[in-house]
Amino acid sequence: IAAVPEEFAFRGVILGSLITHLKIESVSRRVGAAIVLSSALFSLAHLGNIGSQGLTVTLMQVIEVFGLGCVLGALYVRKGSLLFPMLAHGFLDYMVTIM
């Protein structure tokens, strides 16, 4: 369930706003910087899990989520729709839950 609001917030709102408002002339560099910044915010938002899973696991999750955020951001930019990153994120969350 978290995939829908997280993707809306971090890809739809934050990434979209960064692409529009960053003052970088090169479009590819602006998009790349926007993906990295939104992914960093996405990963830092997962620091709240430290209370339930401990420091080591949370730090590993933050690193993993940063990479996932970059992939989901690129997917959003490439496809031009939040549907694809939402589905991918939801599928990954489901698989982690099953495991």
Side-chain angles (χ1 to χ4, degrees):
I1 294 172
V4 174
E6 285 182 353
E7 290 308 310
F8 178 77
F10 290 99
R11 256 51 75 191
V13 176
I14 295 172
L15 177 57
S17 295
L18 287 169
I19 290 171
T20 303
H21 294 99
L22 281 178
K23 303 294 185 203
I24 301 172
E25 286 197 33
S26 167
V27 174
S28 61
R29 286 187 181 179
R30 182 171 60 240
V31 169
I35 288 172
V36 168
L37 288 171
S38 66
S39 297
L41 292 172
F42 180 56
S43 67
L44 291 175
H46 288 79
L47 283 174
N49 296 336
I50 199 165
S52 63
Q53 61 190 20
L55 177 64
T56 304
V57 174
T58 301
L59 291 177
M60 289 174 22
Q61 182 184 30
V62 165
I63 294 166
E64 176 186 308
V65 168
F66 174 76
L68 176 62
C70 289
V71 170
L72 294 172
L75 185 60
Y76 171 60
V77 169
R78 176 78 175 182
K79 295 293 187 179
S81 170
L82 280 174
L83 178 63
F84 297 99
M86 281 180 181
L87 290 173
H89 187 163
F91 176 74
L92 288 169
D93 283 354
Y94 175 75
M95 294 307 292
V96 167
T97 302
I98 297 276
M99 297 168 105

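Treat the numbers as computed from the prediction; the structure is a model and nothing was measured.
- Side-chain contact between Val62 and Val65: absent, with no pair of heavy atoms (C-beta onward) separated by less than 4.5 Å.
- Sequence neighbours left out, the pairs with a member in residues 1-23 that pass salt bridge (charged side-chain N to carboxylate O under 4.0 Å, His left out) are Glu7-Arg11.
- Taking NZ from Lys79 and CG from Leu75, the interatomic distance works out to 7.0 Å, rounded to the nearest 0.5 Å.
- Placement of Ile14 and Leu37 within a single hydrophobic cluster is found when ILVMFWY residues are connected by side-chain heavy-atom separations under 4.5 Å, directly or transitively.
- The cluster map of Ile, Leu, Val, Met, Phe, Trp and Tyr, joined by side-chain heavy atoms under 4.5 Å apart, puts Val13 and Val77 in the same cluster.
- Transitive grouping of hydrophobic side chains (ILVMFWY, heavy atoms separated by less than 4.5 Å) brings Val4 and Phe8 into a common cluster.
- Leu55 and Ile50 make their closest contact through CD1-CD1, 3.6 Å (heavy atoms, listed as atom of the first residue, atom of the second, distance).
- Between Cys70 and the options Ser43, Ser39, Ser38, a side chain to side chain contact (heavy atoms under 4.5 Å, CB included) holds for only Ser39.
- Checked against ring pair (Phe, Tyr, Trp, His ring centres under 6.0 Å), Phe42 has the following partners two or more places apart in sequence or in another chain: Phe10, His46, His89.
- In this structure, the separation between CG on Leu92 and OH on Tyr94 is 13.0 Å, given to the nearest 0.5 Å.
- Shortest non-hydrogen contact noted between Leu72 and Ala88 is CD2-CB, 3.9 Å.
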Side-chain atoms of residues 25-36: list all donor-acceptor pairs with protein atoms under 3.5 Å, sequence neighbours left out, distances to 0.1 Å.
{"unit_1": "Ser26", "atom_1": "OG", "unit_2": "Ser28", "atom_2": "OG", "d": "3.3"}
{"unit_1": "Ser26", "atom_1": "OG", "unit_2": "Arg29", "atom_2": "N", "d": "3.4"}
{"unit_1": "Arg30", "atom_1": "NE", "unit_2": "Ile19", "atom_2": "O", "d": "3.0"}
{"unit_1": "Arg30", "atom_1": "NH1", "unit_2": "Ile24", "atom_2": "O", "d": "2.7"}

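- Nearest heavy-atom pair, Thr20 versus Gly16, reported as atom, atom and distance to 0.1 Å: OG1-O, 2.9 Å.
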Item checked: Criterion side-chain contact (heavy atoms from CB on, under 4.5 Å) on Val57 and Asn49, from CA distance to verdict -> CA-CA 9 Å; Val57 174; Asn49 296 336; over 6 Å; no
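- There is a path of hydrophobic side-chain contacts, each under 4.5 Å, that joins Leu41 to Leu22.
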